Amino acid sequence: MFRWAAILLLGATLFDAQAQERLVRVGVYENAPKLHLDKGQPSGILGELLVAIADTEKWTLTPVACEWQACLDALQEGQIDLMPDVARSATRNQLYDFHATPSLHSWSQMYQRQDEGITSVLDLQGKRIVVLAGSVQFDYVASLANS
């Protein structure tokens with residue numbers, strides 16, 4: 001009787017250990033220093049944080065390399081489970097679950113040639129601006145340009 005109880009206990013322990021592990025497909029795109037792949041694993045500020053969370057939560061991460069919009073599409077279609085570095089918006093709040101505490105705040109930066117002399121947003125009139133399509137910054141720059 002003791003032998004069967006020990007076997008059942010061992011089986012339950014093994015089942016519990018397997019049930020706690022979770023495979024998480026994570027979308028990773030190149031956006032250093034925040035996120036990128038290094039030796040096939042998520043890296044950068046958010047990548048390293050994700051790896052630490054995965055270790056704590058007993059997740060097995062499966063990185064999926066993709067371009068920004070392709071990653072977002074894959075998340076929406078359920079082809080990946082998680083995507084770091086997605087800024088909140090009203091639309092995205094309806095589509096995705098976000099954590100309560102931000103790990104890193106978004107920032108934007110504009111670059112110009114030394115001889116441009118751009119000092120205000122008004123100096124951008126007639127200029128071409130490159131912004132990541134589908135990003136919160138794209139929406140912001142578009143609304144700024146329209147106003």
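All of these numbers come straight from a predicted model, not from anything done at the bench.
Contact of the M110 side chain with the I129 side chain is registered, since non-hydrogen atoms from C-beta on lie closer than 4.5 Å. At a threshold of 4.5 Å between non-hydrogen side-chain atoms, the residues R22 and W59 count as touching. Contact check for V86 versus L72: side-chain heavy atoms found under the 4.5 Å cut-off. Put simply, the side chain of T62 reaches to within 4.5 Å of the side chain of L23, judged on heavy atoms. A 4.5 Å side-chain heavy-atom check between V64 and V28 finds every atom pair outside the cut-off. Side-chain contact between Y29 and D85: present, with at least one pair of heavy atoms (C-beta onward) separated by less than 4.5 Å. The shortest distance between side-chain heavy atoms of S43 and L37 does not fall below 4.5 Å. Residues W68 and E30 have side chains not in contact (no heavy-atom distance under 4.5 Å, counting atoms from C-beta outward).
Of all the heavy atoms in P42 and P63, the pair that sits closest is CD-CG, 3.7 Å. Nearest heavy-atom pair, Q69 versus G134, reported as atom, atom and distance to 0.1 Å: OE1-CA, 3.9 Å. F98 and N93 get closest at one heavy-atom pair: CD1-OD1, 3.4 Å. Nearest heavy atoms, A32 versus H36: CB-CD2, 3.8 Å. Minimum heavy-atom separation, L61 to A54: CG-CB, 3.6 Å. Here the shortest heavy-atom pairing between P84 and L50 reads CG-CD2, 4.0 Å.
Rounding to the nearest 0.5 angstrom, the gap separating the CD1 atom in I80 from the SG atom in C66 is 5.0 Å. Rounded to the nearest 0.5 Å, atoms CD (E67) and CG (L132) are 9.5 Å apart. The distance from atom CZ of R92 to atom CG of D97, rounded to the nearest 0.5 Å, is 14.5 Å. Atom CD of E48 sits about 10.5 Å away from atom CG of L35, to the nearest 0.5 Å. One finds the CD1 atom of I45 at 9.5 Å from the CG atom of N31 (value rounded to the nearest 0.5 Å). Summarising the geometry, atom CG belonging to L75 is positioned 10.0 Å from atom CZ belonging to R25; distances are rounded to the nearest 0.5 Å.
At distances below 3.5 Å, not a single donor-acceptor pair connects side-chain atoms of D139 with backbone N or O atoms of V136. Judged by distance alone, with hydrogens and angles left aside, the side-chain atoms of T56 form a donor-acceptor pair with the main-chain N or O of A52 at under 3.5 Å.
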